Number of protein chains: 2
Amino acid sequence: MANRTVTIQDVARYAGVSRTTVSDALNGTGRVSESTREAVTRAADELGYRPNTAAKSLRTSTTGTIGIHLPEAMTRIDYYLQIIFGALETAAIADVDVTLITSRRLGGNARPRVDGVIVIDPLSDDAIAQQLLDLDVPIVTLEQAPGQRPDGVVTADHEGALTELLEHLGERGARAPALLASPAVTDWGVRIQQRYREWCAGRGIPALITERPFGSAPASYAEALRDLFALRPDVDGVICGPAGSALVALDVLEDLDKQVGRDVLVAALVDSTSLVYTDPPITAIDLSPRAAGAACVEVLIDLVRGRRPRGGADVPLPIRVEYRASTAGDATSYR
Amino acid sequence: MANRTVTIQDVARYAGVSRTTVSDALNGTGRVSESTREAVTRAADELGYRPNTAAKSLRTSTTGTIGIHLPEAMTRIDYYLQIIFGALETAAIADVDVTLITSRRLGGNARPRVDGVIVIDPLSDDAIAQQLLDLDVPIVTLEQAPGQRPDGVVTADHEGALTELLEHLGERGARAPALLASPAVTDWGVRIQQRYREWCAGRGIPALITERPFGSAPASYAEALRDLFALRPDVDGVICGPAGSALVALDVLEDLDKQVGRDVLVAALVDSTSLVYTDPPITAIDLSPRAAGAACVEVLIDLVRGRRPRGGADVPLPIRVEYRASTAGDATSYR
DNA sequence: GTGAAAGCGCTAACAA
DNA sequence: TTGTTAGCGCTTTCAC
């Protein structure tokens with residue numbers, strides 16, 4: 001009842017047992033009789049005991065915290081926030097804290113205090129990867145890390161989804177679908193471009209890829225698209241990689257007097273709420289970011305606690321194409 | 001050079017001084033001669049010494065971590081991610097970790113380990129606020145907390161910005177601007193509705209407010225707008241509060257055959273990148289989320305470290321209206 | 001200006 | 001099944 005913080009010692013005294021027993025009873029470790037455990041639990045409750053995590057940390061050299069690394073360049077997207085919330089939800093259930101790790105934080109004096117790290121869309125840029133490895137804790141990545149072997153990986157079948165999307169565009173009449181690509185500096189970026197090329201090759205049609213660096217201003221995507229249509233007026237499909245570029249595409253196509261969904265089909269590689277209420281709504285691949293975040297945390301927590309993750313350290317993530325009006329096509333003008 | 005972790009003891013031995021001296025030298029505490037400090041710093045560098053934060057935590061009962069609480073209901077916005085990155089950047093400079101605290105985390109068994117908490121847009125809903133208060137650490141809020149007295153507050157002049165926006169709409173010809181309001185469950189929501197009413201009262205025009213709960217589906221905003229125009233066909237301005245609702249407004253107005261920027265002026269209360277590349281681009285209030293996040297962290301760190309925050313614990317945040325084509329107006333049809 | 005000793009609260013060995 | 005002992009690495013008196 002006192003103002004002083006309640007320690008394990010207090011609980012021990014109150015319950016008439018030793019500190020070890022309290023520790024064992026509360027953590028489920030060691031061998032404690034059911035009656036003792038109950039008594040201890042009750043004592044802890046009554047005294048309002050809260051374990052001191054710093055002491056526990058010092059003793060066990062664990063922190064009860066995991067880190068999530070986000071590349072700062074590509075901050076402004078729904079997608080990341082969804083991943084984070086998925087991760088938070090799952091972490092909360094395991095009583096684990098989540099701290100966000102930016103490049104700048106790694107560059108600072110102190111190291112973040114984490115038991116493990118999740119890296120979202122790792123870049124092939126090694127500088128940060130190396131610093132993360134120096135943390136010397138398990139690493140789980142969302143998508144494969146180009147130059148690195150993480151302890152766990154969550155991956156989606158992007159090739160499958162893109163193929164489905166391309167087939168769909170073909171069915172709806174697009175004969176020359178172009179790709180406004182995200183740079184091939186993430187595994188995702190590489191795989192998308194590769195699959196797109198393969199698909200084009202398989203059809204005997206030219207691969208039309210235009211690319212801009214990460215974090216480019218939307219105006220730069222507009223320019224890329226205008227250049228594309230100037231060069232290849234026959235383009236009748238655009239698949240947009242970078243966040244926000246699909247909105248830009250709508251704008252550009254309107255300027256060019258092309259009707260989206262009929263003259264030109266438009267799709268995005270990353271779904272977001274802003275694609276649903278455009279005119280027309282834009283077909284996109286739902287990357288299930290919430291589930292992705294959750295899956296990463298599950299694998300990482302297993303790894304941290306020394307368990308083999310259920311289903312192994314390589315987890316497939318289901319994703320799907322959301323079909324909307326921007327790829328409706330028009331039977332009268334095509335085929 | 002050994003694999004074993006380097007402790008303060010190792011540094012002390014290597015530098016030929018005591019642990020105390022090393023601690024003082026490295027932390028800038030106590031009285032240490034310049035030469036000793038240099039020698040110690042060099043020794044620490046050479047050995048690759050990294051202070052054990054758990055030990056430090058245990059001893060000082062601080063964590064070197066701050067928490068940011070985000071209401072989960074309103075997750076899907078650019079705005080929050082920007083706040084977070086602003087916070088991370090500033091925290092990194094101070095070698096402070098940032099953990100995200102969700103309602104669920106507070107509901108769990110363990111308490112998050114933080115020295116202080118930032119609450120973004122506190123809801124009048126007390127349940128969470130109370131749990132945060134129980135953490136018994138300094139609290140800084142972005143915007144005033146309805147039922148609570150935080151230790152620090154960062155606030156923007158929303159009344160001023162809204163007034164400016166309303167005046168602008170008036171100048172551009174809008175005589176009956178309506179408000180698609182966010183619920184009055186945050187200080188921001190309350191103040192916006194209040195100012196809007198006052199402004200209307202001052203002009204002797206009716207206040208047209210329509211409101212939907214937080215986290216409503218975009219379709220629900222569409223319905224609200226359609227109802228509004230059915231009831232009041234003379235509405236010639238719409239100010240959109242909820243994230244994404246401005247995009248919906250564009251869609252609805254197109255269906256109603258009203259030209260945005262001329263027949264009806266549209267503006268958003270919260271700017272985001274998706275408002276720039278719509279057709280037309282949408283006028284919005286830039287709430288400077290990055291600066292907001294940074295300001296919150298600065299105040300909180302001062303508070304945590306026992307300093308009086310520079311400029312006091314109440315920090316004004318500059319915000320501004322970004323004028324775009326959606327409120328251009330048309331001299332021929334109005335005035 | 002510097003060092004020795006004490007102890008933050010906890011858990012892992014080991015002994016009983 | 002339970003208790004005793006010994007630290008985890010650090011900072012903080014306090015003595016020199």
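Chain letters run A, B, ... following the sequence lines, proteins first and then strands; every chain starts at 1. These numbers come from a predicted model, not from an experiment.
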d(A/Leu132 CG, A/Thr141 OG1) to nearest 0.5 Å is 11.0 Å

Atom CZ of B/Arg59 and atom C1' of C/dC10 are separated, to the nearest Å, by 15 Å

B/Ile8 has its side chain closest, among D/dC10, C/dG1, D/dT4, to D/dC10

(request) Examine C/dG9: is either OP1 or OP2 under 4.0 Å from a nitrogen or oxygen in the side chain of A/Thr5? Give yes or no. (result) yes

Exercise for the section: Report yes if at least one side-chain N or O of A/Lys56 is closer than 4.0 Å to OP1 or OP2 of C/dT11; otherwise report no. Expected result: yes

note: B/Gln9, atom CD; C/dA4, atom C1'; distance rounded to Å ~ 11 Å

Original post:
Under the 3.5 Å rule, do the base of C/dA4 and the side chain of B/Thr20 count as making a donor-acceptor pair?
Top reply: yes

* Asked: Does the side chain of A/Asp24 come within less than 4.5 Å of A/Thr29's, by heavy atoms?
  -> yes

B/Arg50 atom CZ is separated from D/dC8 atom C1', nearest whole Å, by 20 Å

Among the nucleotides C/dA12, D/dC10, D/dT2, whichever has the atom closest to the side chain of A/Thr60 is C/dA12

_B/Ser18 side-chain N/O to C/dT2 phosphate OP1/OP2 under 4.0 Å_ = no

In whole angstroms, the gap separating P of C/dT11 from OH of A/Tyr49 amounts to 6 Å

Among C/dA12, C/dC10, D/dG9, the one nearest any side-chain atom of B/Asn52 is D/dG9

B/Leu58 atom CG is separated from C/dT11 atom P, nearest whole Å, by 12 Å

*Without swapping roles, check the side chain of B/Ser23 against the backbone of B/Arg19 for a donor-acceptor pair under 3.5 Å.*
no

Requested in this report: For A/Asp24, report the nucleic acid contact type (base, sugar-phosphate, nothing); a contact means any heavy atom under 4.0 Å.
Outcome: nothing

Among the nucleotides D/dT4, C/dT2, D/dC10, whichever has the atom closest to the side chain of B/Thr36 is C/dT2

Closest heavy-atom pair, B/Leu47 versus B/Val11, reported as atoms and distance to 0.1 Å, is CD1-CA, 3.8 Å

Ranking D/dT2, D/dC10, D/dG3 by distance to the side chain of B/Thr7, first place goes to D/dC10

Rounded to whole Å, CZ of B/Arg13 lies from C1' of D/dG9 at a distance of 13 Å

note: B/Asn27, atom CG; D/dT12, atom C1'; distance rounded to Å ~ 12 Å

Between the side-chain atoms of A/Arg19 and the base atoms of C/dT11, is any donor-acceptor pair under 3.5 Å?
yes

Closest of D/dG9, C/dT11, D/dG3 to the A/Val17 side chain is D/dG3

Taking C-beta and beyond as the side chain, do A/Val137 and A/Val304 meet within less than 4.5 Å on heavy atoms?
no

Of the candidates C/dA4, C/dG1, C/dC10, the side chain of A/Ala55 sits closest to C/dC10

